[in-house]
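Everything below concerns the one structure shown next.
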Amino acid sequence: MLAAVLAVTALSAAWGCGDNRRGALAFRKRIIDPAFRSEGVTVFDVDRDGHLDLVTEELWYAGPDFAPREIRPPRAWDPLTAYAHCFGAFHRDVDGDGYDDLIAFGPPGEDALWCKNPEGADVHWACAQIAPSASGEMPLLTTLFEPAGSLVMGIEPERVLGWMTPGPAREAPWQMNPLTPPDFPQAARYEHGLGLGDVSGDGRDDILTGSGWLEQPADRAAVPWPWHPVAICPNNCSHMFAFDFDGDGRNDLIGASPHSYGAYWWRQITDAAGQIAFVAHEIDTSLSQNHAARLADLDGDSRPEFITGKRWWAHFDQDPGAREPAVLAVYRWERAGGDGREVAWTRVDLDDDSGIGSQFEVIDVGGDGRLDIVVSNKKGLHLFEQAD
């Protein structure tokens with residue numbers, strides 16, 4: 001087994017974090033809204049003024065100053081007793097008018113909505129249902145099926161996983177294009193662990209889950225997609241990604257535990273029967289409730305960082321480590337060992353009083369060529385701006 005060695009870099013001063021191995025990662029924390037509004041957030045230019053805006057389900061914060069404006073009458077929830085209605089937020093131009101619209105997901109089993117952008121005007125947005133009962137806690141927006149972006153999600157009561165097409169009229173429910181038969185396990189209401197990546201090495205992105213992967217066929221319209229059950233995540237997973245960490249030419253997997261401790265990567269191997277299999281390696285087992293994650297190259301060295309952290313009180317105080325600090329963390333990695341096949345990890349803590357929600361964004365908000373991090377959760381809405 002390949003070794004996974006972890007070093008942890010402590011917080012520094014008020015706003016920066018250092019990693020002496022590869023140069024510093026430094027972020028400045030900005031509290032945009034201290035209230036608990038949402039567990040998900042998206043970022044796009046709502047009013048097309050050239051500045052990116054931060055968007056939750058009920059408020060959008062107009063850049064560059066991020067003054068709040070209403071999408072719908074805003075609510076704030078008690079983080080110790082309640083769930084926010086929004087578990088995830090995305091955007092695409094649903095109606096083709098040139099302005100991106102909001103897509104928002106409620107708690108598992110509740111509705112998914114799209115809200116029409118009123119061309120940036122400071123008025124309430126008209127919202128309609130995508131589906132009355134969306135299942136799964138990790139929906140995706142991908143250009144895999146449509147250039148504008150399509151939703152990969154589950155629906156109930158059919159419990160199928162597939163991608164959604166906008167309806168013929170604004171108020172019409174969206175159409176499910178199933179990739180699985182009914183009663184697919186990973187389309188159940190409270191399932192986690194969803195992602196995209198080329199597992200088989202054929203150049204086509206497959207759909208990753210915590211208990212196996214759906215292989216994209218040469219004709220993606222040929223359904224159902226072949227299902228490969230594999231024991232991957234020990235306690236389900238949050239968002240999952242594929243990347244060749246050990247440099248052997250095959251994509252490995254990475255993910256983290258949403259309701260217990262642990263971040264992991266799984267080395268891809270070929271088993272005795274000639275089938276794709278995975279060997280688990282611990283990255284870190286000291287952070288819990290890692291309910292959302294991103295894989296992005298923060299420092300521009302072509303080695304993407306794994307970004308995650310605590311969704312503080314994800315199940316209130318019922319999960320292991322629930323009362324521990326709400327850490328936002330970056331895991332950096334490098335190949336090590338005599339053959340360069342071992343993978344060593346360093347955790348860099350960016351903050352200990354924010355964490356992540358159930359979905360967050362990594363994007364260049366300020367237009368300076370450096371990726372920033374935007375999180376919305378029980379600690380409020382925060383922007384972490386990457387600094388020199």
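Side chains included, hydrogens not; waters and symmetry mates left out as well; all remaining heavy atoms used. This chain uses plain numbering: 1 for the first residue, then up along the sequence.
Under the 30°/60° scheme for interplanar angles, the aromatic rings of Phe145 and Trp225 are found to be tilted. The aromatic rings of Tyr83 and Phe316 are tilted relative to each other, their planes meeting at an angle between 30° and 60°.
Closest heavy-atom contact between Val223 and Arg220: CG1-O, 4.3 Å. Residues Trp266 and Gly255 come closest through the heavy atom pair CZ3-N, 3.4 Å.
Between Tyr331 and Trp265, the gap from one ring centroid to the other reaches at least 6.0 Å. The distance between the ring centers of His192 and His239 does not fall below 6.0 angstrom. Aromatic rings of Phe245 and Trp345 (six-membered ring for Trp) have centroids within the 6.0 Å cut-off, being under it.
Looking at Asp246, Asp252, Asp244 one by one, the single match for salt bridge (Lys or Arg N to Asp or Glu O under 4.0 Å) with Arg267 turns out to be Asp246.
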Next on the checklist: Would Phe360 and Val374 count as a side-chain contact (heavy atoms from CB on, under 4.5 Å) here? Give the steps.
Outcome noted: CA-CA 6 Å; Phe360 65 96; Val374 185; over 6 Å; no
Item to check | Full working for side-chain contact (heavy atoms from CB on, under 4.5 Å) between Asp299 and Glu305 | outcome: CA-CA 8 Å; Asp299 54 13; Glu305 282 72 37; 3.3 Å; yes
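Cluster partners of Val46, by chain and number: Phe44, Val55, Trp60, Ile71, Leu102, Trp125. The rule joins Ile, Leu, Val, Met, Phe, Trp and Tyr whenever side-chain heavy atoms lie under 4.5 Å apart.
Within the structure, salt bridge (charged side-chain N to carboxylate O under 4.0 Å, His left out) contacts touching residues 99-113 (residues at least two apart or in different chains) do not occur.
By the rule that hydrophobic residues join a cluster once side-chain heavy atoms approach within less than 4.5 Å of another member, Val41 and Trp77 end up as members of separate clusters.
Every residue two or more places apart in sequence or in another chain that forms a salt bridge (Lys or Arg N to Asp or Glu O under 4.0 Å) with Glu146 is listed here: Arg92.
Taking the centre and axis of the six-membered ring of Tyr61, the NZ or CZ atom of Arg69 falls outside the cone set by 45° and 6.0 Å.
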